[in-house]
Amino acid sequence: MSPERFLQPEPADAAVQAPAWLSDAVLYQIYPQSFADSDGDGIGDFAGITERLDHLAWLGVNTVWLNPCFASPFRDGGYDVSDYLTPAPRYGTVDDLAKLVDAARRRGIRVLLDLVAGHTSDQHPWFRHALEDPADHRYVWTESDPVPAGFAPSPGPRPGAYLPNFFVSQPALNFGYARTHPDEPWRQPVDAEGPRANRAALREIMDHWLGLGLSGFRVDMASSLVKDDPEHRETVKLWQELRGWLDRAHPRAVILSEWGDPSVSVPAGFHGDFFLQFGGPSNGLPMRSLWSNGGGTVDTSWDPLSCYFHADGEGSPDRFTHAWEEAAAAIGGAGHIVLPTSNHDFSRLATSPRTREELPVAFAFQMTWPTLPAIYYGDEIGMRYVPGLPDHEGSVLGPRYNRAGSRTPMQWDDGENAGFSTAPADDLYLPLDPDPDRPTVAGQRADEDSLLHLVRRLIALRRSTPELGPSGAVRVLNTGYPLVYLRGERYLVVVNPRREPVRMPLPCMLPPGTTPAALEVSGVTVTPTTLTAESFAFGVFDLGAGTGV
């Protein structure tokens, strides 16, 4: 987006709009095995989350997304589901989950589950049955010789090979192929018996959990269902069909996608999609161009870049703002773009060389740009990516890509195991951050100047100021350092993520006698003619109603 570009999403037809509550959502992602352990076995659980809901309510979070909590052999951290209708025993029972959902509801917090739609565990009864029955087409099978690339040999009596989606232990569910060929009979059409059965199963799973009070789902690898699908045309049809059913059966429920391309996924039927470290035509460049500083999780196929939120100040916000503008124009008012601080697959904001003093300006941007903010657990206190951890439950994806560093236990206080668990340290799901100066919730609650209190104030400001929400207009006044933009033609936002201060002419005209009101400011000064931003500075100013700047 070039300076002085004005954009406000077009309203969508009421029939395709997201439920109104989603526009006010501040999402919080919980990796359940790492959040809070109530029974002392070293692994987080539903009851532990329930006990810590007051923290989220105090913070201002109103929507929680739980990573997969279904039965699983945990070869990929729970993304290998062996029973979609039963929680994994490590987390508790269905009753424990129901108590969590009810306790959250009483605090004004909705709960979303993670739906792994494209594959199961190889321990799922569906797959065990398919191993015995060559007529079963719930998965993609071939008896071709030679075996096509990407297929894995059958581990049972069924001859041939099956198609995995990710790890070999995750057989891909058969939703059909967009392009079929008579010489490749495993390429079944999307309306074949197996794909129809799997679409029906998705409805049954969603209906089951929504009937128990859940508010929706984040859908894992949502673009992966139909195979060999140029431009995702058949996958889009699949999700549009499911969205039509959802609107009829559960009109207040939402589905968010792990797709990484909101311009495609939201028109496909999702209520929102995340900018991610992968996905879309540029393979996740919009998000990585903001946060990815070369530390933590690094895919060796990524082109090197200087991210915008880096002390050296060699990045640019343009990659992100251009992608956001294109996606917002494609979406109109039909749904939302979600901007996370990080996630279970990606480096935390606090990843070396980024320091703690650089984190506040990142949150100031995230909470004032027209997206839905998603906070990854612990980022609100500046928990860091912990390097050098062993591979655990499939965490290692490459020589420089170990997801375990973003999955360490939540740091609640300075007590035993940082308040996460009473288990012996060796029994914890993952080791704690060994840094003796690691941040904690208790320590930052006691410090009004902490990151935690700032995040709380920013959430409150956002929720009390509709112009700062996902649907308000934005006008960029200056790109580079600092990034300066107007929300709703009234609220001036300045962010300077580099260590060098800057002084520049104010890139907008203030009416005579206007004195901007500082709503949340650190290191930024605005006069009628000049803007000054110190290192790692940010500011949100109210220019007053009807200023017409």
Side-chain angles (χ1 to χ4, degrees), residues 9 11-30 56 60-69 84 97 100-102 104-105 107-117 202-223 225 235-236 238-276 327-328 330-340 343 370-376 462-463 469-471:
D13 184 275
V16 298
Q17 284 184 325
W21 65 262
L22 187 62
S23 296
D24 192 40
V26 175
L27 286 81
Y28 189 94
Q29 180 189 351
I30 291 177
L56 303 184
V61 165
N62 57 11
T63 308
V64 166
W65 153 38
L66 304 179
N67 282 92
C69 52
Y84 285 103
L97 178 55
L100 164 58
V101 172
D102 182 63
R105 178 189 55 78
R107 291 166 173 81
I109 299 172
R110 291 177 168 85
V111 180
L112 311 181
L113 296 184
D114 202 315
L115 178 61
V116 184
L202 284 183
R203 292 194 297 270
E204 292 166 5
I205 294 164
M206 294 166 72
D207 190 59
H208 173 82
W209 291 111
L210 294 173
L212 294 179
L214 278 298
S215 294
F217 302 90
R218 174 267 194 188
V219 181
D220 177 66
M221 293 182 66
S223 65
L225 274 59
T235 303
V236 164
L238 183 155
W239 286 114
Q240 288 175 337
E241 173 190 315
L242 281 169
R243 170 66 184 275
W245 165 81
L246 186 69
D247 285 348
R248 294 188 299 272
H250 302 280
R252 289 185 58 78
V254 301
I255 47 174
L256 308 177
S257 62
E258 185 196 35
W259 195 305
D261 192 358
S263 62
V264 175
S265 56
V266 174
F270 286 95
H271 297 95
D273 185 22
F274 297 77
F275 271 140
L276 297 167
I331 291 170
H336 299 288
I337 303 165
V338 187
L339 178 61
N343 60 52
T371 51
L372 291 184
I375 302 170
Y376 185 51
R462 175 188 178 88
R463 295 184 64 183
S471 301

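Note: hydrogens, waters and symmetry copies are ignored here, and every other heavy atom, side chains too, is used. For this chain, numbers begin at 1 and follow the sequence in order.
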**Request:** Starting from the C-alpha separation in whole Å, work towards a yes-or-no answer on side-chain contact (heavy atoms from CB on, under 4.5 Å) for His336 and Ser471.
**Result:** CA-CA 8 Å; His336 299 288; Ser471 301; 4.2 Å; yes
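- Residues His250 and Gly211 share a closest heavy-atom pair of CE1-N, 4.4 Å.
- Taking CD1 of Ile331 as the reference point, atom CD1 of Ile337 lies at 4.0 Å (rounded to 0.5 Å).
- Here Glu204 pairs with nothing under the salt bridge (charged side-chain N to carboxylate O under 4.0 Å, His left out) rule; sequence neighbours left out.
- Here the straight-line distance linking atom CZ of Phe270 with atom CD1 of Ile255 works out to 5.0 Å at 0.5 Å rounding.
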**Prompt:** After noting the C-alpha distance and the side-chain angles of Arg110 and Val254, does the key distance pass the side-chain contact (heavy atoms from CB on, under 4.5 Å) rule?
**Reply:** CA-CA 11 Å; Arg110 291 177 168 85; Val254 301; over 6 Å; no
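- A distance of 5.5 Å separates CG of Leu225 from CH2 of Trp239, quoted to the nearest 0.5 Å.
- Formation of a donor-acceptor pair under 3.5 Å by the Gln29 side chain with backbone atoms of Trp65 is not found in this model.
- Summarising the geometry of Ala222 relative to Ser257, their closest heavy-atom pair is CB-CB, 3.9 Å, with the distance given to 0.1 Å.
- Rounding to the nearest 0.5 Å places OG1 of Thr235 at 5.5 Å from CH2 of Trp259.
- The residue from Leu22, Leu339, Asp273, Thr63 that alone fulfils the side chain to side chain contact (heavy atoms under 4.5 Å, CB included) condition with Leu372 is Leu22.
- In this structure, Leu246 CG and Asp207 CG are separated by 9.5 Å, a value rounded to the nearest 0.5 Å.
- Shown here for Ala249 and Pro251, the closest heavy-atom pair between the two residues is C-CD, 3.7 Å.
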**Request:** Take Trp209 and Leu97 through the test side-chain contact (heavy atoms from CB on, under 4.5 Å) and record every step on the way to the result.
**Result:** CA-CA 10 Å; Trp209 291 111; Leu97 178 55; 3.6 Å; yes
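- Using a 4.5 Å heavy-atom threshold, the side chains of Glu241 and Leu238 count as separate.
- Residues Gly260 and Leu276 share a closest heavy-atom pair of N-CD1, 3.8 Å.
- At least one side-chain heavy atom of Arg462 sits under 4.5 Å from a side-chain heavy atom of Pro470.
- In terms of heavy-atom proximity, Trp21 sits nearest to Arg252 at NE1-O, 2.9 Å.
- Nearest heavy atoms, Pro19 versus His271: CD-CD2, 3.5 Å.
- Looking only at distances, no side-chain donor or acceptor of Tyr84 sits under 3.5 Å from a matching main-chain atom of Met206.
- With His208 as the partner, the side chain to side chain contact (heavy atoms under 4.5 Å, CB included) test is satisfied by one option alone out of Leu212, Leu210, Ile205: Leu212.
- At least one donor-acceptor pair closer than 3.5 Å links the side chain of Gln240 to the backbone N or O of Pro267.
- Here CG of Leu113 is found 4.0 Å from CG of Leu214. Values are rounded to the nearest 0.5 Å.
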